Amino acid sequence: MPDPRIRLTVNGDPVEVTFGGHKTLLEVLREDLRLTGTKHGCELGECGACAVLVDGKPALSCLILAQEVDGAAVTTVEGLASDARLHPLQDAFLECGASQCGYCTPGFLVTARALLDRKPKACRGEISEALAGNICRCTGYIQIFEAVERAAEKMGGEPPR
Amino acid sequence: MMRCPEFRYHAAKTVEEAASVLADHGPKAMLLAGGTDVVPNLKRRQHRPEVLVSLRRIPGFAGISIGGDGAAVIGPGTTLADLALDGRVAAEWPGLSRAVGSIASPLIRATATLGGNLCLDTRCNYYNQNYEWRQSIRFCMKAPAPHGSALTEDAGGSVCWVAPASPRCWAVSSTDGGPMLAALGATVELRSKARGKRDIAVADLYNDDGMLFLKKAPDEVVTRVRVPRAAGQKSAYWKLRRRGSFDFPVLSVAAAATFSKSGEVTDARVVLGAVASMPLVLAESASLVGKSLTDDVIAEFAGAASRHAKPMDNTDFQTAWRRKVTAEFLTGALRELRGDDPRTMGQLGRRVARGASCLG
Ligand SMILES: Cc1cc2nc3c(=O)[nH]c(=O)nc-3n(C[C@H](O)[C@H](O)[C@H](O)COP(=O)(O)OP(=O)(O)OC[C@H]3O[C@@H](n4cnc5c(N)ncnc54)[C@H](O)[C@@H]3O)c2cc1C
Ligand code: SF4
Ligand code: FES
Ligand code: FES
């Protein structure tokens, strides 16, 4: 079986990649595209560390076969900052202490980004519901919710970029 | 990194193509929808298909429409997130919104589909483990050692670790959508290359067998889900799980009923989920017809119906407690049908009601 080759957009750049056909998007991002910002935790859908956006919607990269995203636009945590400027969510995570060991942070950031794209003025209940598929062993979540609220304020109710 | 085994990937462009690949490859082929059940099972080697047939690229496989008769026609490729957030569904079939909105986590619901949920593999603490774990206690009959493996000598493959004297597998039906759609009288359309189309009630889709848990033949594709509209129908879904997110049901009550103007039940279907290898449609439902859902009627029903819950020790929580709370869950769901607000029903009711509250 020859290795498959797919074309996709990763963080705005067109990419072509050849990989072992059994690989998930998580494995291709980390191992073939060397984008190690996306973390692997449980690898079974139970933690949210591997979350990315596929065509703007959050998805667990550990559960999606890479062959399924041929032609899609994928956003990883590496795609949040523009030039040397952090995304308002990243600034807010820093300011609020929403990241301790940091392992869960990329997953939270992209999931929160998808929420604010859809609901720029999300309330606390909506934030905690949207982030209910991401597990953090360190912060106790409150700082994370505060950071998303602060980012929403910084962005003035506008979806980013 | 836990990795999937090798397989051939086939992205079907039409339902006919998917059905034809299934017909050609028999049990060696497997359908892939959202993959949220298939991919973990590949990684843990519960499944080893030679061909994976992806349904993701079939045009029109996702989508919700309301027909002229008021029924909802739902494409099996519709994601659980889209279904849970649909305002028309929430208004007409609130139990369905809550059931689907309670599945897994928002990140999983964003890719998981309704068709995959209906066909979800049954679950068991001795089965949902990785390969090495299962090998170390000897494989049970639901997932024997692979053919040609060097371990056949002591590989097991004939025993059930939950009930070692049992000739059958007791893995648990864990779909949240199945019981609710059965309660609502929904039907699915199945399509195969050999036999064409047929419709079957969701209530008749399952077998009480942890291994052969679907009446759907392996070569059939679920191509449509239809939820009929019944004027004045009420529906509710009560799910027990350890955490408010992620966890599969350990018990669920899916209930739907229609009422006369004077408040008597004219039709009712109550289904227990996660207490057997199939959703259990309760025969006692018929006894509700003609009655008002008074506290006494509900108590009598809950007492009689909870006897069907015979939980095995292969999911979460203690079995004795699970049996005990079944009556409470039945009571809560029926009280909700008669119009009581679950948020006024103590901690349990508040937890249940939170399910789909802030999803929009
Ligand atoms: C952490 C975690 C928690 C979960 N919690 C829950 C929960 O609380 N409740 C719950 O119900 N589920 C839960 N699930 C299971 C799963 O995510 C859902 O049931 C989901 O809806 C499955 O849909 P899918 O599209 O991902 O299915 P897939 O994984 O793609 O497929 C599942 C099965 O259905 C078959 N199939 C898919 N589509 C069709 C079709 N159109 N016709 C015929 N067969 C088809 C596949 O061949 C496979 O056998 C959980 C999963 C995880 C990883
Ligand atoms: S019920 Fe028995 S046979 Fe079935 S998965 Fe569990 S241990 Fe295996
Ligand atoms: S690594 Fe994907 S959900 Fe945990
Ligand atoms: S910061 Fe450590 S897991 Fe969240």
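It should be emphasised that the depicted structure is a prediction, and the values quoted were computed from it without experimental measurement. Numbers restart at 1 for each chain; the letters A, B, ... are given by sequence-line order, proteins then strands.
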Novice: Counting neighbours of CZ on A:Arg124 that are heavy atoms of other residues, nucleotides or ligands and sit closer than 6.0 Å, is the number greater than 12?
Specialist: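 Result for CZ/A:Arg124: enclosed.
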Novice: Less than 4.5 Å apart, any side-chain heavy atom of B:Ser54 and any of A:Glu68?
Specialist: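 Contact flag for B:Ser54/A:Glu68 side chains = yes.
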Novice: Dump the intermediate steps for side chain to side chain contact (heavy atoms under 4.5 Å, CB included) on B:Met2 and A:His40, then the final yes or no.
Specialist: CA-CA 10 Å; B:Met2 260 181 127; A:His40 58 114; over 6 Å; no
Novice: In sequence, state the C-alpha distance, the side-chain angles, and the governing distance for B:Thr111 and A:Val54, and then conclude on side chain to side chain contact (heavy atoms under 4.5 Å, CB included).
Specialist: CA-CA 10 Å; B:Thr111 32; A:Val54 176; over 6 Å; no
Novice: Counting only heavy atoms not in B:Gln347, do more than 12 fall under 6.0 Å of its CD?
Specialist: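 Check fails, neighbour count at 12 or below.
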Novice: Side chain from CB out, backbone as N, CA, C, O: work out which of these in B:Phe7 comes under 4.5 Å of a heavy atom of chain A, or both, or neither.
Specialist: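 B:Phe7 touches chain A through backbone and side-chain heavy atoms alike.
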Novice: Enter the distance from B:Arg3:CZ to A:Glu43:CD here, rounded to the nearest 0.5 Å.
Specialist: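 Here the rounded value is 8.5 Å.
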Novice: For B:Arg48, does the CZ atom sit with more than 12 other heavy atoms under 6.0 Å from it, leaving out its own atoms?
Specialist: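 Yes, because the 6.0 Å sphere around CZ of B:Arg48 holds more than 12 heavy atoms from other groups.
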Novice: Checking heavy atoms, do the side chain of A:Cys50, its backbone, both or neither come under 4.5 Å from chain B?
Specialist: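 No part of A:Cys50 comes within 4.5 Å of chain B.
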Novice: Start with the C-alpha distance between A:Val69 and B:Arg56, add both sets of side-chain angles, then the distance that settles side chain to side chain contact (heavy atoms under 4.5 Å, CB included), and finish with yes or no.
Specialist: CA-CA 10 Å; A:Val69 299; B:Arg56 195 178 286 240; 5.5 Å; no
Novice: Over all heavy atoms of both residues, which pair between B:Ile108 and A:Gly45 is shortest? Give the atoms and the distance, please.
Specialist: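 Looking at all heavy atoms of both residues, the closest pair is CD1-O, 3.3 Å.
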Novice: I need the residue from B:Lys43, B:Glu6, B:Arg44, B:Arg243 with the largest number of non-hydrogen atom pairs under 4.5 Å to chain A.
Specialist: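 Most pairs with chain A among the choices: B:Lys43.
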Novice: Restricting to non-hydrogen atoms, name the atom on B:Ser105 and the atom on A:Gly133 that form the minimum distance, rounded to 0.1 Å.
Specialist: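 It is CB-CA, 3.5 Å.
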Novice: Work out which heavy atom in A:Cys62 is nearest to a heavy atom in B:Val39; give both atom names and the distance.
Specialist: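 Closest approach of A:Cys62 to B:Val39, heavy atoms only: O-CG1, 3.7 Å.
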Novice: List the steps, then state whether side chain to side chain contact (heavy atoms under 4.5 Å, CB included) holds for A:Thr24 with B:Met1.
Specialist: CA-CA 11 Å; A:Thr24 59; B:Met1 192 77 92; 5.9 Å; no
Novice: Got a sec: does the NZ of A:Lys154 have more than 12 other heavy atoms crowding it under 6.0 Å?
Specialist: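 Buried by this count: over 12 neighbours within 6.0 Å.
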Novice: For the CG atom of B:Asp247 and the CD atom of A:Glu46, what is their distance to the nearest 0.5 Å?
Specialist: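 B:Asp247 CG to A:Glu46 CD: 8.5 Å, rounded to 0.5 Å.
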Novice: As an exercise, state the distance from CG of B:Leu107 to OG1 of A:Thr111, rounded to the nearest 0.5 Å.
Specialist: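 One gets 4.5 Å once the value is rounded to the nearest 0.5 Å.
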Novice: Any donor and acceptor pair, going by atom type alone, linking the side chain of B:Ser245 with main-chain N or O of A:Ala132 inside 3.5 Å?
Specialist: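 Yes, because the side chain of B:Ser245 sits within donor-acceptor range (under 3.5 Å) of the backbone of A:Ala132.
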Novice: Do any of residues 2-21 of chain A come closer than 4.5 Å to chain B, heavy atom to heavy atom, and if so which ones, in number order?
Specialist: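 Heavy-atom contacts from residues 2-21 of chain A to chain B are A:Gly21.
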Novice: Which atom names give the shortest non-hydrogen contact between A:Asp70 and B:Arg57, and what distance separates them?
Specialist: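 Closest approach of A:Asp70 to B:Arg57, heavy atoms only: O-NH2, 3.1 Å.
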Novice: Between atom OG1 of B:Thr36 and atom CG of A:Leu60, what is the distance when rounded to the nearest 0.5 Å?
Specialist: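 Reported value, rounded in 0.5 Å steps: 9.0 Å.
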Novice: Ignoring hydrogens, what is the shortest heavy-atom contact between A:Pro58 and B:Ala110? Give both atom names and the distance.
Specialist: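 Shortest heavy-atom contact: O-CB, 3.3 Å.
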Novice: Give the minimum heavy-atom separation between A:Asn134 and B:Phe246, together with the two atoms involved.
Specialist: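 Taking A:Asn134 first and B:Phe246 second, the nearest heavy atoms are N-CZ, 4.1 Å.
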Novice: Please report the interatomic distance NZ(A:Lys23) to SG(B:Cys4), rounded to the nearest 0.5 Å.
Specialist: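 Answer rounded to 0.5 Å: 12.0 Å.
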